[in-house]
Amino acid sequence: MTDHEFKRAIEDIKQRAPIEEIVRGRVPELRRSGKLFEACCPFHEEKTPSFKVDPTKGTWHCYGACGDGGDVISFVMTSYGVEFKEAVEILAGQIGVEPPSFGGSRRDSGEFENGFELLKRAASYYRERLGDPEAAEAREYLDARGFDHETTLSFGLGWAPASGKAFFDFTRSEGISSDILEKTGLVRRNDRGPYDFFRGRLLFPIRDLRGRTVGFGARRLSDGPNAGPKYINSPESDWFQKSSLVYGLDLAVKEARKSGHLVLMEGYTDVIAAHQKGLTNTAAVLGTSTTDQHAKLLHRSGAQRISLVFDGDTAGREAAFRALNGLLPENYDLDVVQPPGGQDPCDVLMSEGLEPFKEALEGASDWFEFACDELDDLHGSALSQAVDRALALILRVQAPVHREDLVRRLSERLDMSVETLQGQLALTPEARAAVRDAERERRDEGAQPVPEAAFGNDDAQEPAESIRAHPHLRLAWGEIAGALLLDPSLVPMAVALVEKCELEDIHRVLEAIVELHGNLDAEINVGTVMTALGEDPARELIGRIIHHAEGADSPRALLDGAVRFLKRTQLEAERAEIQDRLAVPDIQDSERTNLLQRFKGLQEALLNLDHNAGALAPSH
Ligand SMILES: [Zn+2]
């Protein structure tokens with residue numbers, strides 16, 4: 001499929017998936033209001049509707065706190081928390097067309113879909129078995145925990161018959177090939193033939209963010225010599241990867257997005273209890289460690305604050321440290337909560353209800369306090385080891401200023417000098433590399449605050465440094481793109497400028513606008529520019545760019561201001577260079593005269609720039 005065909009296919013899907021209908025699927029309250037549709041924004045908490053959908057342009061926009069917007073694809077991306085490719089597949093599924101083929105897919109998509117279908121049937125098969133006489137033990141266990149029928153149903157809990165052949169026999173009667181059964185890990189084979197992987201266990205279906213079953217967690221209920229481990233999971237497969245699955249996130253994502261807060265617990269039953277009691281922003285990371293993939297996936301919930309709920313015992317503390325290690329690089333506000341009374345979270349929720357738990361969440365200690373707790377009363381090598389552990393966590397923090405602040409806090413806490421801690425930090429090679437990085441970043445970053453609307457892009461293609469180094473440049477170039485999007489008649493004035501943009505993602509946005517402008521049949525708006533960008537991650541900048549631009553007096557004023565800023569930045573850089581050269585002690589008189597002349601010229605140009613506000617003069 002060529003690039004052109006791909007964009008045509010995307011355009012076709014957008015045409016056939018009217019944005020107001022797709023949005024209404026997620027936001028049933030969507031109402032017509034004049035030419036637009038409106039509702040309270042599904043992505044932030046509000047009482048008056050500031051979320052608008054424009055059916056003519058095929059776009060959405062939140063005029064409130066999130067200030068985000070885009071086309072129907074970006075709506076699906078945001079509301080399901082999925083990437084571009086998945087969003088297109090969801091839309092294609094909803095309107096019943098084949099999704100376009102994306103480059104680089106190694107999986108046989110037919111088989112991949114069959115696997116999902118099989119896992120879905122397996123989940124419903126096991127769910128039905130929970131009503132069988134054989135499953136009395138499982139029902140008693142669920143009763144004892146206090147789970148009601150509705151909760152059991154919404155989490156799809158099931159029972160795997162003990163015989164070891166029941167599921168396999170069922171699939172045979174359904175004509176399902178044994179090949180896919182083994183690939184999904186539901187059935188295994190030994191020298192006596194195929195047998196069910198899950199036998200005589202309570203099953204917790206594990207779903208991806210889209211709510212598709214990808215595998216199962218399974219708890220044994222009775223003890224016995226050959227009972228096996230208390231919990232087992234589906235084996236790793238194309239569908240099931242523990243390192244990138246968060247249990248319950250499909251159900252938690254809605255509330256987490258609204259409140260910006262996600263609660264992470266340790267086990268299936270904790271999550272289920274929390275949801276039953278109304279704490280619906282709760283999920284659990286799968287596996288014993290929180291990986292980088294988990295940490296990234298959690299961003300899709302839109303949460304900025306994550307509360308880690310862990311038992312107060314040693315195992316719980318270890319688990320909390322591992323979770324912090326995974327989550328710290330992703331820049332969440334993290335706190336650590338111990339369940340009231342040090343009990344099992346599920347038990348506390350069920351016996352005492354939500355209130356004590358909510359209080360514990362309110363009173364949670366900041367992760368750093370938690371990490372420092374164990375330092376008290378330690379001496380010698382035990383202290384040294386504990387400090388190493390705290391420092392290792394500090395090294396995971398990406399923002400240099402934050403990191404330095406934490407080292408300072410740690411030094412106060414321990415009553416030790418910052419230098420001593422930095423000495424300790426420098427002991428490991430990994431630490432040395434991190435310190436070097438931090439110093440380089442600090443040099444690059446300078447002291448300038450980052451403008452709020454600098455159109456940062458999570459998936460930016462450029463090295464992160466270049467974005468941090470030029471937040472004001474990003475803002476100016478984003479403003480230029482915004483001005484052109486709002487008033488395409490300005491495009492001819494800015495064409496010469498576009499090639500000077502060195503920020504790759506914004507440059508691609510600008511190029512898309514210029515190209516559309518060259519095509520006389522094409523309209524320029526958020527929807528058409530996003531289609532033109534195809535699967536380029538730069539498309540995700542557009543919502544914020546337009547939101548920022550709409551706040552300006554006029555597109556023309558915005559363009560003038562941004563161009564003036566770029567011009568000034570350039571003149572100031574030249575002036576600084578001349579000042580450096582003038583500062584050389586043994587400079588020759590002729591060169592000094594020459595430089596002073598140029599210095600004066602630059603001074604005047606800078607003054608003129610301030611006086612001639614409004615003159616659009618692209619730099620040379
Ligand atoms: Zn909003």
Side-chain angles (χ1 to χ4, degrees), residues 17-84 86-87 90-91 209 249-262 280-281 297-306 331-333 450-459 475 478-479 481-482 485-486 525-527 529-530 537-552:
I19 189 162
E20 66 278 18
E21 282 175 31
I22 301 297
V23 171
R24 197 176 287 116
R26 301 290 280 183
V27 189
E29 321 76 72
L30 192 72
R31 295 272 174 279
R32 185 174 266 286
S33 158
K35 285 182 181 165
L36 306 179
F37 288 84
E38 64 175 30
C40 284
C41 177
F43 308 128
H44 80 273
E45 203 76 63
E46 64 175 8
K47 295 211 169 61
T48 49
S50 56
F51 175 83
K52 317 267 179 186
V53 171
D54 184 336
T56 342
K57 290 184 182 155
T59 58
W60 62 280
H61 190 148
C62 166
Y63 290 86
C66 20
D68 213 346
D71 61 0
V72 67
I73 299 174
S74 76
F75 177 80
V76 173
M77 287 171 72
T78 312
S79 73
Y80 287 83
V82 296
E83 304 285 352
F84 181 83
E86 256 183 302
I90 291 172
L91 282 172
L209 255 180
L249 194 60
D250 57 315
L251 299 173
V253 73
K254 196 173 173 191
E255 187 53 36
R257 191 174 288 286
K258 273 194 165 173
S259 60
H261 180 204
L262 185 73
T280 53
N281 53 339
L297 179 72
L298 294 174
H299 273 305
R300 303 214 197 153
S301 73
Q304 292 90 47
R305 177 185 165 205
I306 296 182
N331 200 23
Y332 296 105
D333 292 333
V450 178
E452 209 179 322
F455 316 120
N457 181 357
D458 290 346
D459 303 312
L475 186 63
E479 286 176 339
L485 263 165
L486 285 181
N525 62 44
V526 172
V529 174
M530 283 180 112
R539 74 197 316 280
E540 290 313 295
L541 298 174
I542 293 188
R544 301 211 162 265
I545 283 178
I546 210 83
H547 185 72
H548 179 71
E550 276 170 339

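Residue numbers run from 1 in the order of the sequence given. Atoms considered below: every heavy atom in the structure, side chains included; atoms not considered: hydrogens, waters and symmetry mates. Counting convention: from 1, in listed order, for ligands and their atoms alike.
For the Zn ion (ligand 1), the count of nearby protein N, O or S atoms, meaning those under 2.8 Å away, is 4.
Judged as a salt bridge (charged side-chain N to carboxylate O under 4.0 Å, His left out), the pairs with a partner in residues 17-43 (not counting sequence neighbours) are, in order, Glu38-Lys52. Under the salt bridge (charged side-chain N to carboxylate O under 4.0 Å, His left out) criterion, no residue pair touches residues 73-82, with sequence neighbours excluded. Counting only residues at least two apart or in different chains, salt bridge (charged side-chain N to carboxylate O under 4.0 Å, His left out) contacts with residues 53-66 are absent.
Contact record, Val27 with Ala39: CG1-CB, 3.8 Å, taken as the closest heavy-atom pair.
Formation of a donor-acceptor pair under 3.5 Å by the Arg544 side chain with backbone atoms of Cys66 is found in this model. Not a single donor-acceptor pair under 3.5 Å links the side chain of Trp60 to the backbone N or O of Phe51.
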